[in-house]
Asker: 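Got a structure for you, questions after.
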Amino acid sequence: MMHALKGVRHMTSSMKQAVSELSVPVPWGKISGKAWGPENGHPVLCLHGWSDNCGTFNTLIPLLPKECRYVAVDLPGHGRSSHRLPGILYKFISYVMDVRRVIDAMQWTKFSIIGHSMGGNIGGMFSAVFPEMVNALILLDSYGFIPTDVKETPDVIRKGMNQMLEYEKKEEDKKRVYTFDKAVERLLAANQTLTEQSAKILLERGLVQVEGGVIFSRDFRINLKNVVRISLEQTLEMQSRIKASVLLILAEDGFEKAIEQHQKTFASPVLQAYRNKNHTIVTVPGDHHIHLNTPEVIAPLVSDFLQNKVLCHQAKVSESPTSKL
């Protein structure tokens, strides 16, 4: 319901553009986020990658078509959104349900998705499960799915469960307190595809002030193995259900270099399945966070795709003569 959304408008000096903070109530707390653009604009949901937050779109969205209403959310356990309840594992399929909660709260029936990395995988699965709701899917350094060898699934489940049990034994351990500068150093050391400026952007929502300094706001459980996996066969079936136009923007020094070797063997059939349906795949120079570090590289590709696949069609519909009967 629209009345369930709580928003505060503010201006950011880096973007020179009005942004609305929003909060969607969920059974365990809230999903926080930000919105850009006119409320009656074409709706675009922006989903960030693992361990990031919705600030990852701060530099890209101001370069995209102004006719759109962009909503970027902090996925549960990230940024300013609530952590999941104790004893709950973080799973891709749960994030898909979270997206549906957000969409229902905003009363969107048809929208587009921009997803980076893990956010692209969530967007891919949502577009397969609810194909009638998504008219365009833009994947930023993401394949939309990460298949797992069925022979490895039992070991992955075992590892994830063992990690969770070990975490729960240490749950009372206090989080480490940093100065802001040390927090920036920590994030840069853990993620070498970020520039210092990009790290600082993510930390605007990724830190919580406490006595003596700051702590990271993300839930440590997001680091544990995802125990719910899909096979290549399931992936290809999911892909076949997608009705949206799809744009994949892959970075030359990005996602593919970071994934495990066994996952790379699945890349070819997944990409070929997109090509077989005449979807668009583009490779650009840059790294995994190209959309945040150097958004001007991919902004024209994203803008043209939205314009040609969504906005121009809507314009034609609005210009169509209506019956006077």
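This chain uses plain numbering: 1 for the first residue, then up along the sequence.
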Asker: Are the charged groups of Glu132 and Lys110 less than 4.0 angstrom apart, N to O?
Answerer: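 Between Lys110 and Glu132 there is no salt bridge, as every charged N stays at least 4.0 Å from the carboxylate O atoms.
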Asker: Could you check whether atom NZ of Lys91 has more than 12 heavy atoms from other residues, nucleotides or ligands sitting under 6.0 Å from it?
Answerer: yes
Asker: If the condition is side-chain hydrogen bond (donor to acceptor under 3.5 Å, both in side chains), which residues does Glu237 pass it with, not counting sequence neighbours?
Answerer: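 Glu237 satisfies side-chain hydrogen bond (donor to acceptor under 3.5 Å, both in side chains) with Arg241 only.
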Asker: How many angstroms lie between atom OG of Ser231 and atom CE of Met238, to the nearest 0.5 angstrom?
Answerer: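 That separation rounds to 9.5 Å.
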Asker: I would like to know whether Val99 and Phe130 meet side chain to side chain contact (heavy atoms under 4.5 Å, CB included); could you show each step before the answer?
Answerer: CA-CA 11 Å; Val99 169; Phe130 300 103; over 6 Å; no
Asker: When the aromatic ring centroids of Phe92 and Phe145 are compared, is their separation below 6.0 Å?
Answerer: no
Asker: Any pair with a residue in residues 231-253 that passes ring-ring contact (aromatic ring centres under 6.0 Å, His included), sequence neighbours left out, goes on the list, sorted by first then second residue, please.
Answerer: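 Sorted pair list comes back empty.
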Asker: Would you say Val102 and Val26 make side-chain contact, with heavy atoms under 4.5 Å?
Answerer: no
Asker: To the nearest 0.5 Å, how far apart are CG in Asp253 and CG in Asp287?
Answerer: 7.0 Å
Asker: Distance check, rounded to the nearest 0.5 Å: Asn226 atom CG versus Leu89 atom CG?
Answerer: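 Those atoms lie 8.5 Å apart.
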Asker: Looking at Arg101 and Asp98, is any side-chain nitrogen of the basic one under 4.0 Å from a carboxylate oxygen of the acidic one?
Answerer: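 Salt bridge: yes.
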Asker: For the side chain of Ser117 and the backbone of Gly119, is there at least one donor-acceptor N/O pair under 3.5 Å apart?
Answerer: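 No; judged by distance alone, with no hydrogens or angles, the pair does not exist.
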Asker: Yes or no on side chain to side chain donor-acceptor pair (under 3.5 Å) for Thr56 and His116, after CA distance, side-chain angles and deciding distance?
Answerer: CA-CA 9 Å; Thr56 197; His116 171 242; 4.6 Å; no
Asker: Quick one: pull up CG in Asp74 and OG in Ser217 and give me the separation to the nearest 0.5 Å.
Answerer: 7.5 Å
Asker: Could you please spell out the steps behind the side chain to side chain donor-acceptor pair (under 3.5 Å) verdict for Thr193 and Asn191?
Answerer: CA-CA 6 Å; Thr193 66; Asn191 197 329; 2.8 Å; yes
Asker: Quick check for you: to the nearest 0.5 Å, what is the distance between Leu47 atom CG and Leu75 atom CG?
Answerer: 6.0 Å
Asker: Just to verify, what does Asn53 make a side-chain hydrogen bond (donor to acceptor under 3.5 Å, both in side chains) with, not counting sequence neighbours?
Answerer: none
Asker: Tell me whether the centres of the aromatic rings in Tyr167 and Phe220 are closer together than 6.0 Å.
Answerer: yes
Asker: Please set out all donor-acceptor pairs under 3.5 angstrom arising from side-chain atoms of residues 268-276, sequence neighbours excluded.
Answerer:
unit_1: Gln272; atom_1: NE2; unit_2: Asn276; atom_2: OD1; d: 2.8
unit_1: Tyr274; atom_1: OH; unit_2: Tyr143; atom_2: O; d: 2.6
unit_1: Asn276; atom_1: ND2; unit_2: Gln272; atom_2: O; d: 3.4

Asker: Ser32 versus Val73: any side-chain heavy-atom pair under 4.5 Å?
Answerer: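 SC-SC contact between Ser32 and Val73 ruled out.
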Asker: Val44 versus Val71: any side-chain heavy-atom pair under 4.5 Å?
Answerer: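 Not touching, per the 4.5 Å side-chain cut-off.
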Asker: With distance as the sole test, does Thr280 use its side chain to make a donor-acceptor pair with the main-chain N or O of Leu247 at under 3.5 Å?
Answerer: no
Asker: Is any side-chain heavy atom of Gln163 less than 4.5 Å from a side-chain heavy atom of Arg221?
Answerer: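 Contact flag for Gln163/Arg221 side chains = no.
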Asker: So, applying side chain to side chain donor-acceptor pair (under 3.5 Å) with Asp141, which one of His289, His291, His288 is it?
Answerer: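 When His289, His291, His288 are each tested with Asp141, the side chain to side chain donor-acceptor pair (under 3.5 Å) holds only for His288.
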Asker: Donor-acceptor check, side chain of Ser81 to backbone of Gly77, threshold 3.5 angstrom: yes or no?
Answerer: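 Pair absent, no side-chain N/O of Ser81 close to backbone of Gly77.
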Asker: So is Arg218 actually on top of Tyr90's ring, under 6.0 Å and inside 45° of the axis?
Answerer: no
Asker: I'd like to know if the side chain of Arg229 and the backbone of Thr148 have a donor-acceptor N/O pair within less than 3.5 Å.
Answerer: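 Answer holds: no.
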Asker: Considering residues, nucleotides and ligands other than Lys182, do more than 12 of their heavy atoms fall under 6.0 Å from its NZ?
Answerer: no
Asker: What closest approach, in Å, do Gly286 and Ile290 show between heavy atoms, and which atom pair accounts for it?
Answerer: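 Looking at all heavy atoms of both residues, the closest pair is CA-CD1, 3.9 Å.
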Asker: Under the ring-ring contact (aromatic ring centres under 6.0 Å, His included) definition, can you give me all pairs with a residue in residues 177-210, not counting sequence neighbours?
Answerer: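 Only Tyr178-Phe216 qualify under ring-ring contact (aromatic ring centres under 6.0 Å, His included).
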Asker: Measure from the side-chain N and O atoms of Thr59 to the backbone N and O of Leu292, and report whether any donor-acceptor pair falls under 3.5 Å.
Answerer: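 The answer is yes, because a donor-acceptor pair under 3.5 Å joins these two groups.
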Asker: Residues in ring pair (Phe, Tyr, Trp, His ring centres under 6.0 Å) with Trp50, at least two apart?
Answerer: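 Partners of Trp50 under the ring pair (Phe, Tyr, Trp, His ring centres under 6.0 Å) test: none.
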Asker: Do Asp155 and Lys159 sit within salt-bridge range, that is, some charged N less than 4.0 Å from a carboxylate O?
Answerer: no
Asker: With a 4.0 Å cut-off, would you call Asp219 and Arg84 a salt bridge?
Answerer: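 The answer is no: the pair does not qualify as a salt bridge.
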Asker: Going by the side-chain contact (heavy atoms from CB on, under 4.5 Å) test, name the single residue among Val282, Val284, Leu63, Ile138 that passes it with Ile298.
Answerer: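 With Ile298 as partner, side-chain contact (heavy atoms from CB on, under 4.5 Å) holds for just one option, Val284.
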Asker: Can you tell whether the side chains of Arg205 and Glu21 come within less than 4.0 Å, N to carboxylate O?
Answerer: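 Counted as a salt bridge, because a side-chain N and a carboxylate O are separated by less than 4.0 Å.
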Asker: Backbone N or O of Asp304 within a donor-acceptor pair of the Asn308 side chain at under 3.5 Å?
Answerer: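 Checked: pair present.
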Asker: Which heavy atom of Met133 sits nearest to which heavy atom of Ile103, and what is that distance?
Answerer: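 Taking every non-hydrogen atom into account, CE-CG2, 3.6 Å.
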Asker: So, taking the atom named CG in Leu306 and the one named CG in Leu311, what distance separates them when rounded to the nearest 0.5 Å?
Answerer: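 If I round to the nearest 0.5 Å, the distance is 6.0 Å.
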Asker: Ignoring hydrogens and angles, tell me if any N or O in the side chain of Gln209 forms a donor-acceptor pair with the backbone of Gly213 under 3.5 Å.
Answerer: yes
Asker: Please confirm whether the backbone N or O of Ser51 pairs with a side-chain atom of His78, one donor and one acceptor, at under 3.5 Å?
Answerer: yes
Asker: Are side-chain N/O atoms of Asn162 and Lys225 paired as donor and acceptor at under 3.5 Å?
Answerer: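 Checked: Asn162/Lys225 side chains show no N/O donor-acceptor pair below 3.5 Å.
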Asker: More than 12 non-hydrogen atoms from neighbouring residues, nucleotides or ligands closer than 6.0 Å to CD on Glu296, yes or no?
Answerer: yes
Asker: Check Asn58 against Lys34 and note the closest heavy-atom contact, atom names and distance.
Answerer: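 Where Asn58 meets Lys34 most closely, the heavy atoms are OD1-NZ, 2.7 Å.
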